[in-house]
Amino acid sequence: MRVLISGASVAGPVLAYWLHRYGFECTVLERAPALRKTGGHAVDLLHPAMDIIERMGLREEVLAKTTGTESLTLEREGSTPIDIDISRILGPASENHAEVMRDDLGEIFYDATRAHVEYVFGDSIATLEQHPTHVHVTFDHGDPRDFDLVIGADGLHSNTRRIVFGDESQFAHFIGGYLSVLTVPNHLDLSKRMVSLAAPGRTVGLYSADRADDARAIFLFRSENRLDYHHRDTDRQKELLRAAFADIGWEVPRLLAELDHTPAFYFDEITQLRMDHWSRGRVGLVGDAAYSPGPAIGGSTSLAVVGAYVLAGELATAWPDHERGFTAYERELADYVERSRTFARRMAKQLIPDTAGKVWLLAQVTRLVGSLPAGVARVLSRLDTGGLRVHDEVRLKDYPALIGPRG
Ligand SMILES: Cc1cc2nc3c(=O)[nH]c(=O)nc-3n(C[C@H](O)[C@H](O)[C@H](O)COP(=O)(O)OP(=O)(O)OC[C@H]3O[C@@H](n4cnc5c(N)ncnc54)[C@H](O)[C@@H]3O)c2cc1C
């Protein structure tokens with residue numbers, strides 16, 4: 001029962017953790033030369049993911065690494081900023097929530113699995129050849145090896161998916177926006193606070209994390225049509241970002257000036273991944289590689305954690321009938337994935353209001369939630385963030401009969 005998992009971020013190590021507990025031997029392959037420790041961006045762990053993390057015995061480790069963001073200041077050009085306690089928005093929507101930097105989360109999962117799982121860094125799958133009893137894998141650098149199963153946990157632009165299912169363009173559905181994140185100095189000295197400015201079709205956010213010296217600037221903007229650039233051409237991407245925010249004041253000119261110095265720059269379309277099936281033969285997909293509802297808008301980290309847990313449980317339950325396991329995994333997760341997509345499309349609209357009227361409305365709702373007594377605010381913000389309850393409503397299946405002694 002040898003399983004190769006491509007990708008050592010969120011879904012990959014969680015899958016390896018549970019498969020190991022069910023008696024599988026796992027190898028996790030990561031293209032990066034070492035575990036990323038630069039912080040990345042903040043991600044949300046909502047109720048079902050926190051529940052799984054608790055079952056993994058990692059709740060305290062995760063809570064010790066939360067970003068500590070407690071309040072949001074909504075800036076408005078020419079008007080007074082509005083402050084709001086974030087728990088007034090998230091509290092009613094998810095009772096069990098933690099925000100952590102993705103690389104911290106990856107490190108926690110890596111530390112929890114490294115003693116029992118083989119990790120190979122700095123390599124990538126080159127070819128996959130499926131046989132009735134195994135998959136023959138060749139790598140860019142290492143020697144060829146055979147595995148019973150191969151799982152792609154290698155993110156939105158999955159290499160495993162490309163090799164087995166073909167070009168990404170068949171599955172990626174553009175939902176009308178772009179996302180960029182850069183690492184910048186924490187010149188506003190932000191601590192426990194995120195500041196954000198919304199203008200028609202454009203939103204900027206700036207936050208830091210406890211224990212971090214720097215900050216992240218996140219830019220979201222709408223575009224009816226797909227922009228013309230190559231995914232490796234960062235100069236062109238920076239040019240597009242500058243053009244999209246050229247007429248915005250506040251901190252934006254200073255943040256855009258950081259484009260010339262930033263040590264970390266990310267730019268991507270906001271797309272949803274939609275596939276008819278998440279496996280073919282002995283190769284399956286998990287997390288963003290299979291069903292990303294869109295980065296930064298749809299609770300995709302929680303979906304990746306839940307997906308990995310369910311895939312491991314269903315494969316182990318059905319073993320050695322992997323096809324039955326993959327089918328059960330799709331059945332178990334389909335509704336959560338579909339609801340996450342709907343929620344993400346709605347969030348994209350709310351996070352990047354397209355007209356001056358909707359920007360005004362966002363400010364009014366924020367102000368109202370911030371100024372009302374807590375109970376009333378909870379009811380009101382439930383109306384607006386009710387979609388987040390998609391995550392809280394997930395009921396996790398138990399696979400207790402599979403779990404042997406931990407070790
Ligand atoms: C800018 C940004 C902001 C985001 N904000 C949020 C948020 O606020 N809330 C939220 O819930 N989610 C957010 N997300 C999404 C979140 O990061 C992902 O949903 C989550 O990390 C998915 O985990 P994953 O393990 O499926 O994939 P990923 O985290 O993408 O990991 C894929 C891994 O595979 C590796 N890899 C890639 N190619 C190969 C290869 N050829 N061979 C081997 N390894 C490979 C990568 O290096 C990486 O380690 C955001 C994403 C981005 C990009």
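Nothing here was measured: the structure is a model prediction, and the numbers come from that model. Scope of the values below: all heavy atoms of this structure, side chains included, with no hydrogens, waters or symmetry mates. Just so you know, ligand 1 is whichever comes first in the structure, and atom 1 is the first atom listed for that ligand.
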Point to revise | Salt bridge Glu239-Arg242, side-chain N to carboxylate O under 4.0 Å | key: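 The answer is no: the pair does not qualify as a salt bridge.
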
Point to revise | Ionic contact status for Asp167 with Arg161, cut-off 4.0 Å | key: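 No salt bridge links Arg161 with Asp167.
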
If you measure from [atom] to every heavy atom of [options], which option wins on shortest distance?
atom                    : options                : value
atom 16 (C) of ligand 1 : Val100, Thr301, Asp123 : Thr301
atom 7 (C) of ligand 1  : Ala344, Ser6, Ala42    : Ala42
atom 15 (C) of ligand 1 : Ser300, Ala11, Gly205  : Ser300

Point to revise | Test item: side-chain donor near acceptor, His134 and Arg282, under 3.5 Å | key: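 No, because no side-chain N or O of His134 sits under 3.5 Å from a partner of the opposite role on Arg282.
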
Test of understanding: given a 4.0 Å heavy-atom threshold, classify the contact between [X] and ligand 1 as side chain, backbone, both, or neither.
X      : value
Leu29  : backbone
His41  : side chain
Asn159 : side chain
Ser158 : neither

Point to revise | Proximal atoms of ligand 1 relative to Arg102 (non-hydrogen, under 4.0 Å) | key: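 Listed by number with element, the hits are 17 (O), 21 (O), 28 (P), 29 (O), 30 (O).
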
Check your understanding: Which residue owns the protein heavy atom closest to atom 36 (N) of ligand 1, what's the atom, and how far is it?
Key ->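 The answer is Asp154 CB, 3.7 Å.
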
